[in-house]
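Heads up: the structure comes next, in structure tokens.
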Amino acid sequence: VPYLTDAHRACAQRLAHWMRSDCGFDEVEIDAVGNVVGVYHGSDRGAGNAKRLLTGSHYDTVRNGGKYDGRLGIFVPMACVRELHRAGRRLPFGLEVVGFAEEEGQRYKAVFLGSGALTGHFDPAWLEQKDADGISMRQAMEHAGLCIADIPKLQRDPAKYLGFVEVHIEQGPVLNELDLPLGIVTSINGNARFLGEIVGMASHAGTTPMDRRRDAACAVAELALFVETRAGAVPDLVATMGMLEVPNGSINVVPGRCKFSLDIRATTNEVRDACIADVRAELARICEQRSLHFKLEETVRAAAAPSDPAWMRRWECAVQALGLPLFHMPSGAGHDAMKLHERMPQAMLFQRGLNAGISHNPLESITNHDTELCVRAFQNLLDNLATETP
Ligand code: HGY
Ligand code: MN
Ligand code: MN
């Protein structure tokens with residue numbers, strides 16, 4: 001479900017339909033970047049004198065991804081609103097549930113586009129980016145009927161919100177191995193992403209002696225093994241070369257070009273940045289030694305986002321009330337909460353995944369029982385917040 005594809009737009013329509021017809025939201029709209037925004041008014045009936053709790057997650061996915069990455073964090077609060085609506089209950093604050101349109105940055109190099117529009121971080125330069133088929137973001141937005149001129153109006157005033165909470169699948173093996181359904185997130189790892197290319201000389205695979213080659217693919221392979229070793233040497237540091245490609249390569253041609261990506265993450269910006277510096281230095285050394293050229297473009301840099309203590313405590317109380325043990329853990333994955341973190345206090349709740357928590361893979365799966373616990377934890381958080389709120 002990449003950004004603004006037919007599957008993506010169908011997903012937005014479904015979410016809006018369910019918010020409107022099944023859950024009883026007072027306001028539902030698909031905004032200028034494709035976020036699906038549902039508002040369930042508080043006891044002020046939307047008069048605007050009650051603050052809102054902001055929550056949600058993304059509905060776009062990676063290629064060949066799973067069904068629950070992002071979506072869980074939209075449906076859980078939707079289920080809570082449905083139960084409030086069925087009971088005819090109003091909280092002393094409004095509830096704004098957002099299905100963010102673009103978090104993964106798959107079609108365009110614009111991660112957190114959906115949540116970034118709410119925090120005032122939408123970069124107009126993104127509009128001219130072209131996807132793999134040469135379609136610009138501007139063209140894709142216009143084709144989807146989105147009103148680009150309205151994008152700046154999406155920025156939220158943090159003073160009108162109590163904070164941001166996000167439920168998300170863990171996307172890793174920890175809760176599964178501990179046999180725990182829910183986990184309290186302490187911080188979201190900072191990450192940086194790069195797209196690179198090494199350029200050598202394409203030459204005949206049969207006639208070019210091994211000591212006369214300028215093989216771009218072997219250089220990238222050498223860098224990949226360095227990245228693996230460097231990241232493996234430091235706890236909670238991870239680095240991935242997720243894309244590696246010889247454009248228009250041939251079986252009998254020494255690769256003259258090789259494109260690659262880097263994704264480097266750590267619990268602190270300092271550890272992340274030290275790794276980036278070493279990888280850059282090694283890339284330069286490899287290319288110097290092999291008489292190759294390279295370019296490296298940084299496409300994402302998101303700071304580490306520690307959870308707000310008060311909101312983390314609210315999740316702790318909500319989970320404890322279920323009779324579950326508390327387990328605190330960092331998030332290796334990036335989430336929309338790290339974008340909202342730049343504007344308001346935030347904290348996340350993780351739900352266990354099955355199959356060792358595998359994610360970004362169709363094997364991604366959860367259980368109804370764990371999801372029931374997750375919904376009840378969210379309901380507990382809402383009820384506790386209601387008693388706190390005048
Ligand atoms: O890559 C991530 O951490 C997230 O899935 N966008
Ligand atoms: Mn993801
Ligand atoms: Mn996600």
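Whatever order the structure lists ligands and atoms in, that order sets their numbers, starting from 1.
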Requested in this report: Looking at Glu104, pick out the N, O or S atom nearest to the Mn ion (ligand 2) and give its name.
Outcome: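 Looking only at N, O and S atoms of Glu104, the one nearest the Mn ion (ligand 2) is named OE2.
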
Requested in this report: Could you tell me whether the side chains of His369 and Thr367 share a donor-acceptor contact shorter than 3.5 Å?
Outcome: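 No donor-acceptor contact under 3.5 Å links the two side chains.
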
Requested in this report: Would you please test Arg265 and Arg193 for side chain to side chain contact (heavy atoms under 4.5 Å, CB included) and show each step?
Outcome: CA-CA 9 Å; Arg265 313 186 190 203; Arg193 295 182 188 176; 3.8 Å; yes

Query raised in the report: Is NZ or CZ of Arg90 both nearer than 6.0 Å to the six-membered ring centre of Tyr40 and within 45° of the ring axis?
Result: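 Positive - Arg90 is close enough to the ring of Tyr40 and near enough to its axis.
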
Query raised in the report: With only distance considered, is Gly334 within less than 3.5 Å of ligand 1 through an N or O on each side?
Result: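 Yes, at least one N or O pair falls under 3.5 Å.
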
Closer than 4.0 Å to some heavy atom of [X] - which atoms of ligand 1 meet that?
{"X": "Ala333", "result": "3 (O)"}
{"X": "Glu103", "result": "4 (C), 6 (N)"}
{"X": "His360", "result": "5 (O)"}

Query raised in the report: Are side-chain heavy atoms of Met329 and Leu178 found at a separation under 4.5 Å?
Result: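 Answer no - side chains too far apart.
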
Query raised in the report: Tell me, which N, O or S atom in Asp69 is closest to the Mn ion (ligand 3)?
Result: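 The Mn ion (ligand 3) is closest to the Asp69 atom OD1, counting only N, O or S.
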
Query raised in the report: Is Arg193 in contact with ligand 1, taking contact as a heavy-atom separation below 4.0 Å?
Result: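 Contact present.
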
Report task. Find out if a path of hydrophobic residues (ILVMFWY) with successive side-chain heavy-atom gaps under 4.5 Å connects Tyr68 to Leu175. Result ->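 No.
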
**Report entry** Options Glu104, Met338, His335, Arg265, ranked by nearest heavy atom to atom 1 (O) of ligand 1, top entry
**Finding:**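 Ranked by closest heavy atom to atom 1 (O) of ligand 1, first place is Arg265.
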
Query raised in the report: Ring centres of Phe350 and His335 under 6.0 Å apart?
Result: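 Under 6.0 Å, so yes.
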
Query - Rounded distance (nearest 0.5 Å) linking atom OG of Ser261 with atom CE of Met241 - result: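 One finds 7.0 Å between OG of Ser261 and CE of Met241.
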
Query raised in the report: Any N/O/S of His58 under 2.8 Å from the Mn ion (ligand 2)?
Result: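 For His58, the answer is no, given that no N, O or S atom comes within less than 2.8 Å of the Mn ion (ligand 2).
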
